[in-house]
Amino acid sequence: MITFDDSEGPDVYRHTASHVMAQAVKRLYDARLGIGPSIKDGFYYDFQFEQPLTLEELEKIEKQMKEIVEENLPIQRIEMTRDEALEYCRQHNEDFKYELISELDENEQISFYRQGEFMDLCTGPHLASTGQLKAFKLLSLAGAYWRGDENKPMLQRIYGTAFPKKKMLEEYLQRMEEARKRDHRKIGRELDLFSFHDEGPGFPFYHPKGMVIRRELENFWRDEHRKAGYHEVETPIVLNRSLWEQSGHWDHYQENMYFTRIDEQDFAIKPMNCPGSMLVYKMGMHSYRDFPLRVAEMGLVHRHEKSGTLHGLMRVRSFTQDDAHIFMLPEQIEDEVEKVIDLVDHFYQVFGFKYHVELSTRPEKSMGSEAMWEKATRALETVLIKKEITFTVNEGDGAFYGPKIDFHLEDCLGRTWQCGTIQLDFQMPEKFDLTYIGPDGQKHRPAMIHRVVYGAMERFFALLIEHYAGAFPIWLAPVQVVIVPITERHQEYARAVFQRLWEEGIRVELDDRNEKVGFKIREAQVKKVPYMLVTGDKEEETNTVAVRHRQEGDLGLSALESFLHDLKEKIQVKAN
RNA sequence: GCUCACGUAGCUCAGGAGGUUAGAGCGUAUCCUUGGUAAGGAUAAGGUCACCGGUUCGAGUCCGGUCGUGAGCUCCA
């Protein structure tokens, strides 16, 4: 007997919920079944309807589901031969199920699950009866290609979730509601960090406060990369077609690129930084003694992503990659990959991000020999295993020029986004005929990796906003301190305090509006400013400030200089 | 790009199944208030109802298209 608390409990429970939903749908509409698995936090089922389903109809389906639960239909497992199963699907016009079964082995025993008049192909297991289903809710309606293939028909997918107790369902919905409040698009507007406009879909505009955060992230990045032995370059955004033909982007990436004509010649706006960096490398001779040569670039790239894939700052059409290309001896690869992994880990630790790692292998559209891919993939895998990093393999998801290790972070709703990536590349050095002079005085081909740590500044920024729910640690906060004079009479002293902080490089604002203290405090709290300094008679007489922290509240009086000293210390160590 | 939704003041949202000058709260401006830790009061300004076309005596409301946004699919940092 499986309960909801067992590891497979929620899966079984929600899988049964998806069957009950499918049964309800079949009772109400003319629909063919796709697939209906349980997923993290819920379930879905794909259907092909004669008439497209609209959102309002989810309520009707839910009501019908409740009736099926009322009926408390026993759920039985039924086994058939492949031929019997095919015949059943043919009779019931279940074309999609037919397709699935026809791909199974001829001698396979095929299991169905029956509840009342409804029967569905399924390996199970399931709850014993529909009456065991307690709290459930249908959440959304979306399109989904049959078998995830955009060339196959698009079905309609209904998402839902189910729990054994009403209270658990309510808590879940409440949690989702709370999570939505952290959405970077919402906070970005509320805190005036960035915007999007119809004039440039997918092209972000940074506002002054968003720009402060971005620059701090870049400063941190520069410091750490200098320490890690990187140099920095910048290459042009617009480059001649010939370069993209040479790099392979013209053949392999064209559909994502923007083009322009200059003096009757084709140019492309760079979708990646590597070709530009190749040209820089080729400007001189390189010795093996200079390896590994780590060349970083905060490169602004443009990619024509499909309109439906855009998502706030997470998925945009122009973004800055904190890129670097590392040129090295083949025997330095594993060492260098390890160093990059450590660098990525260090960065994510500073922000307190949890992440997971994937190894992406050769895609269908790719360059290079099987042997090269094999060797490159093995090298990445070796390092991951050596470092005892748990990872999943993402088959066929590599770049067209090489396999990669990807680092994924979660957004407020638990969706994961690829940020850091380490890509091994034996192609670009070939294409651009890169060489170095070895100990033997001869020219040799260097190995190369592309890597990013943040990934894209935009995406990382978005994840940071959601991670902190807008309450950035003090080193990142666009406004670090707000000074709140109590009345007009205290403005002169407030200005002096402001001046003192300002000259020390603190991002400070003076709220000298004709409002009450409570109002100004509230506003600063809403804007998530870390420190509020109230200045009145007491403070003016003693050259102090009344310190309030956004989380800790009123901290009492502090000498201005000692507050300033502590503040600078906190900024310095990147305290929260 | 595809499926289903959505698009009303800077923001959040009202506008019963088409009918005179499109509403509210927050925010903004001005004035009053000089108030010690999360919203003091008054007054005022702000809207081509995303855009284009159609139906109608009459469209924010109905229909079609375009653009944008959201959830998801495909794709990806």
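This is a predicted model, so every value here is computed, not measured. Throughout, protein chains are lettered first and strands after them, A, B, ... in sequence-line order, and every chain is numbered starting at 1.
- If you check residues 481-493 of chain A against RNA chain B, the residues with a heavy atom closer than 4.0 Å are A:Ile486, A:Thr487, A:Glu488, listed by number.
- Listed by first and then second residue, the salt bridge (Lys or Arg N to Asp or Glu O under 4.0 Å) pairs that reach into residues 547-560 of chain A come to none, sequence neighbours excluded.
- Residues passing the side chain to side chain donor-acceptor pair (under 3.5 Å) test with A:Lys186, sequence neighbours excluded: A:Glu190.
- For the ring pair (Phe, Tyr, Trp, His ring centres under 6.0 Å) test, residues two or more places apart in sequence or in another chain that qualify with A:Phe47 are A:Tyr45, A:Phe49.
- For RNA chain B, the residues of residues 402-419 of chain A within the heavy-atom distance limit of 4.0 Å (strictly under) are A:Lys404, A:Arg415, A:Gln418, A:Cys419, sorted by number.
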Across nucleotides 2-18 of chain B, 5' to 3', mark each nucleotide with B, S or - according to how protein heavy atoms within less than 4.0 Å reach it. BBSS-----SS------
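- Residues passing the side chain to side chain contact (heavy atoms under 4.5 Å, CB included) test with A:Pro236, sequence neighbours excluded: A:Leu239.
- Partners of A:Phe205 by ring pair (Phe, Tyr, Trp, His ring centres under 6.0 Å), not counting sequence neighbours, listed by chain and number: A:His197.
- For A:His408, the side chain to side chain contact (heavy atoms under 4.5 Å, CB included) criterion is met by A:His356, A:Glu358, A:Asp406, A:Thr416, A:Gln418, not counting sequence neighbours.
- Partners of A:Tyr258 by ring pair (Phe, Tyr, Trp, His ring centres under 6.0 Å), not counting sequence neighbours, listed by chain and number: A:His304.
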Once Watson-Crick and G-U wobble pairs under 3.5 Å are found, how is RNA chain B written in dot-bracket notation, 5' to 3', with | for any base paired to another strand? (((((((..((((.....[...)))).(((((.......))))).....(((((..]....))))))))))))....
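- Looking at residues two or more places apart in sequence or on another chain, you find a ring pair (Phe, Tyr, Trp, His ring centres under 6.0 Å) between A:Tyr531 and A:His549, A:Phe563.
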